[in-house]
Colleague: 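The structure follows.
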Amino acid sequence: MNRFAHRGLLTFCLLAVGIGQAMAHSADEHAGHDMSTKGATSESAQVKFADVTLVDQNGQNVSLEKDLVSNKIVVMSFIYTSCTTVCPVVSSIMGKVQQKLGARVGKEVQLVSISIDPQRDDAKRLNEYARTFQKGPGWSWLTGTPQSVNETLKGLGSFSGDFKNHQPLILVGDGNSRHWTRYYGFTDPAVLSRQVEKLSGERNVHAKHTAIAMEQQP
């Protein structure tokens, strides 16, 4: 083998090793992520809101339940800003939901994204990250102390001991009726929007029944 062929073979081998190491690193960093866009599933869920203070992307203290969930139909995701694979996809899905629902977001509907890496994701970092996906009001990005975030995640059924191994997950629910659904995987934004519409319709029916009942009272 001449020296040029040998040098080419060596370069190829080094490149192959580098690619292998990069793939291994990516697989290790996101070992728990389901990278498939197929097989998204859903289930009814019960949630509990921890009585803790969180911080939004503007640096304001908020109560998740009292300030964002109460009286709202909520679409909620769980991300961290240094995630370069799954989390941008989940945030993009949320952005498409915001576009589909239009002006209702910020009024009847509230979008929430909670960082599962509060040690690194402060308000400033979330604010910068949000600019890529958020196109309008009504979308809060939350962080806080590790303890307050962990308590919040546990109550919502989305806590993972290793945040890098979390599953793609979006919650949709009504803060009034407590009807919640967990969507696993990369769920079609249209599916999430239809669930919001369904919850909104159920609200209207309940309001009509309540009004009729009050009219019939002596």
Side-chain angles (χ1 to χ4, degrees), residues 29-33 45-95 97-98 105-176 178-184 187 192 196:
E29 182 179 358
H30 302 282
H33 287 321
Q46 291 185 338
V47 301
K48 180 180 179 181
F49 295 97
D51 185 16
V52 297
T53 299
L54 300 174
V55 180
D56 70 13
Q57 74 270 31
N58 299 314
Q60 299 296 314
N61 290 341
V62 298
S63 164
L64 177 58
E65 181 175 25
K66 295 177 182 177
D67 297 330
L68 300 177
V69 173
S70 181
N71 297 320
K72 297 289 181 66
I73 296 172
V74 181
V75 184
M76 188 182 305
S77 67
F78 307 88
I79 56 89
Y80 62 100
T81 62
S82 60
C83 171
T84 59
T85 53
V86 170
C87 300
V89 178
V90 171
S91 296
S92 178
I93 290 171
M94 294 282 287
V97 170
Q98 184 181 40
V105 179
K107 297 178 181 178
E108 181 187 21
V109 180
Q110 176 70 40
L111 303 188
V112 177
S113 291
I114 301 177
S115 170
I116 59 175
D117 182 16
Q119 290 185 324
R120 287 190 286 184
D121 288 343
D122 57 13
K124 181 180 179 181
R125 192 161 177 167
L126 282 177
N127 197 311
E128 293 173 351
Y129 183 84
R131 294 174 189 172
T132 303
F133 306 99
Q134 183 173 349
K135 308 300 179 184
W139 190 346
S140 293
W141 301 72
L142 304 181
T143 185
T145 66
Q147 180 179 356
S148 63
V149 169
N150 287 345
E151 289 183 23
T152 298
L153 297 177
K154 288 176 182 177
L156 298 174
S158 58
F159 177 76
S160 172
D162 180 1
F163 67 87
K164 293 180 180 178
N165 290 329
H166 78 103
Q167 290 184 317
L169 169 65
I170 293 177
L171 275 171
V172 180
D174 188 331
N176 291 343
R178 303 292 184 175
H179 292 166
W180 290 84
T181 303
R182 285 193 188 96
Y183 292 87
Y184 297 98
T187 304
L192 301 173
V196 170

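Only this structure's heavy atoms are used, side chains among them; waters, hydrogens and symmetry mates stay out.
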Colleague: Once rounded to the nearest 0.5 Å, what's the spacing between atom CZ of Phe78 and atom SG of Cys83?
Modeller: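 Rounded to the nearest 0.5 Å, the CZ-SG separation comes out at 14.5 Å.
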
Colleague: So, Asn127 side chain and Gln57 main chain: donor-acceptor pair closer than 3.5 Å or not?
Modeller: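 Checking the backbone N and O of Gln57 against the side chain of Asn127, a donor-acceptor pair under 3.5 Å is found.
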
Colleague: I'd like to know if the side chain of Asp56 reaches the main chain of Gln60, judged simply by a donor and an acceptor atom lying under 3.5 Å from each other, with no hydrogens or angles considered.
Modeller: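 Flag set: sc Asp56 to bb Gln60 pair under 3.5 Å.
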
Colleague: If only atom types and distance count, is the side chain of Asp121 paired as donor or acceptor with the main-chain N or O of Thr81 below 3.5 Å?
Modeller: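 Looks like yes, one N/O pair under 3.5 Å.
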
Colleague: Between CG of Leu192 and OG1 of Thr181, what distance do you get to the nearest 0.5 Å?
Modeller: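 Leu192 CG to Thr181 OG1: 10.0 Å, rounded to 0.5 Å.
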
Colleague: So do the side chains of Ile93 and Thr187 get within less than 4.5 Å of each other, counting heavy atoms only?
Modeller: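 Not in contact.
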
Colleague: Taking the side chain as every heavy atom from C-beta outward, state whether Thr145 and Pro118 have any atom pair closer than 4.5 Å.
Modeller: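 A side-chain contact under 4.5 Å is absent here.
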
Colleague: When you compare the side chain of Ile114 with that of Leu156, does any pair of heavy atoms fall below 4.5 Å?
Modeller: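 Leu156 reaches Ile114 side chain to side chain.
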
Colleague: Check whether Gln98 reaches the backbone of Gly136 with its side chain - one donor and one acceptor, N or O, closer than 3.5 Å.
Modeller: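 A pair under 3.5 Å: yes.
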
Colleague: Atom CD1 in Ile73, atom CG in Leu111: separation rounded to 0.5 Å?
Modeller: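 Output value for this atom pair is 11.5 Å.
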
Colleague: Take Trp141 and Phe133 through the test side chain to side chain contact (heavy atoms under 4.5 Å, CB included) and record every step on the way to the result.
Modeller: CA-CA 11 Å; Trp141 301 72; Phe133 306 99; 4.2 Å; yes

Colleague: Measuring from Thr152:OG1 to Phe159:CZ, what's the distance to the nearest 0.5 Å?
Modeller: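 The distance works out to 11.5 Å.
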
Colleague: Hey, does the side chain of Ser91 reach the backbone of Cys87 with a donor-acceptor pair shorter than 3.5 angstrom?
Modeller: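 Confirmed, Ser91 side chain pairs with Cys87 backbone.
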
Colleague: Do the side chains of Leu64 and Val112 get nearer than 4.5 Å, heavy atoms only?
Modeller: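 Yes, their side chains come closer than 4.5 Å.
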
Colleague: For Leu126 and Ser115, run side chain to side chain contact (heavy atoms under 4.5 Å, CB included): C-alpha distance rounded to whole Å, both residues' side-chain angles, the deciding distance at 0.1 Å, then the answer.
Modeller: CA-CA 8 Å; Leu126 282 177; Ser115 170; 4.2 Å; yes

Colleague: Go through it in stages, so that I can follow the logic: the residues are Ile79 and Tyr129, the test is side chain to side chain contact (heavy atoms under 4.5 Å, CB included), and I'd like the CA-CA distance, side-chain angles, deciding distance and then a yes or no.
Modeller: CA-CA 11 Å; Ile79 56 89; Tyr129 183 84; 4.1 Å; yes

Colleague: Is there side-chain contact between Tyr183 and Leu169, with heavy atoms separated by less than 4.5 Å?
Modeller: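 Sidechains of Leu169 and Tyr183: no contact.
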
Colleague: Where is the tightest heavy-atom contact between Ser77 and Val90, given as atom of each residue plus distance?
Modeller: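 Result for this residue pair: CB-CG1, 3.8 Å.
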
Colleague: Can you confirm whether Asp51 is buried at CG, in the sense that more than 12 heavy atoms of other residues, nucleotides or ligands lie under 6.0 Å from that atom?
Modeller: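 For Asp51, atom CG is not crowded (no more than 12 foreign heavy atoms under 6.0 Å).
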
Colleague: Indicate yes or no for a side-chain donor-acceptor contact from Gln110 to the backbone of Val74 under 3.5 Å, with no hydrogens or angles considered.
Modeller: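 The answer is no, because no donor-acceptor pair under 3.5 Å joins these two groups.
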
Colleague: If you compare all heavy atoms of Ser63 against all heavy atoms of Lys66, which two are closest, and at what distance to 0.1 Å?
Modeller: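 Heavy atoms only, the tightest pair is OG-N, 3.3 Å.
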
Colleague: Between Val75 and Leu171, is there a side-chain heavy-atom distance shorter than 4.5 Å?
Modeller: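 Not touching, per the 4.5 Å side-chain cut-off.
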
Colleague: More than 12 heavy atoms of other residues, nucleotides or ligands under 6.0 Å from CD of Gln147: is that the case?
Modeller: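 Open: at most 12 neighbouring heavy atoms sit under 6.0 Å from CD of Gln147.
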
Colleague: So which heavy atom on Asp117 is nearest to which on Ser82, and how close?
Modeller: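 Taking every non-hydrogen atom into account, OD2-OG, 4.2 Å.
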
Colleague: Looking only at non-hydrogen atoms, find the nearest pair between Lys107 and Lys72 and report the distance.
Modeller: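 So the two residues come closest at O-CE, 2.8 Å.
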
Colleague: Does any N or O in the side chain of Ser92 come within less than 3.5 Å of the main-chain N or O of Pro88, such that one atom is a donor and the other an acceptor?
Modeller: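 A pair under 3.5 Å: no.
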
Colleague: Hey, does Val55 have a side-chain heavy atom less than 4.5 Å from the side chain of Leu142?
Modeller: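 No. Closest side-chain heavy atoms not under 4.5 Å.
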
Colleague: Identify the heavy atoms of Ser70 and Asn176 that sit nearest to each other, and give their distance.
Modeller: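 It is C-OD1, 4.4 Å.
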
Colleague: Within a strict 4.5 Å, meaning less than it, do heavy atoms of the Val62 and Ser140 side chains meet?
Modeller: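 No, their side chains stay 4.5 Å or more apart.
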
Colleague: Rounded to the nearest 0.5 Å, what's the gap from CZ on Arg178 to NZ on Lys48? Could you check?
Modeller: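 Going from CZ on Arg178 over to NZ on Lys48, the span is 11.5 Å.
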
Colleague: Apply side chain to side chain donor-acceptor pair (under 3.5 Å) to residues Ser113 and Trp139 and explain how you reach the verdict.
Modeller: CA-CA 8 Å; Ser113 291; Trp139 190 346; 3.0 Å; yes

Colleague: Run the salt-bridge test on Arg125 and Asp122 with the 4.0 Å N-O cut-off and return the result as yes or no.
Modeller: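 Asp122 and Arg125: not salt-bridged.
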
Colleague: Quick one: CG on Leu54 to CD on Glu151, what's the gap to the nearest 0.5 Å?
Modeller: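 These two atoms lie 10.0 Å from each other.
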
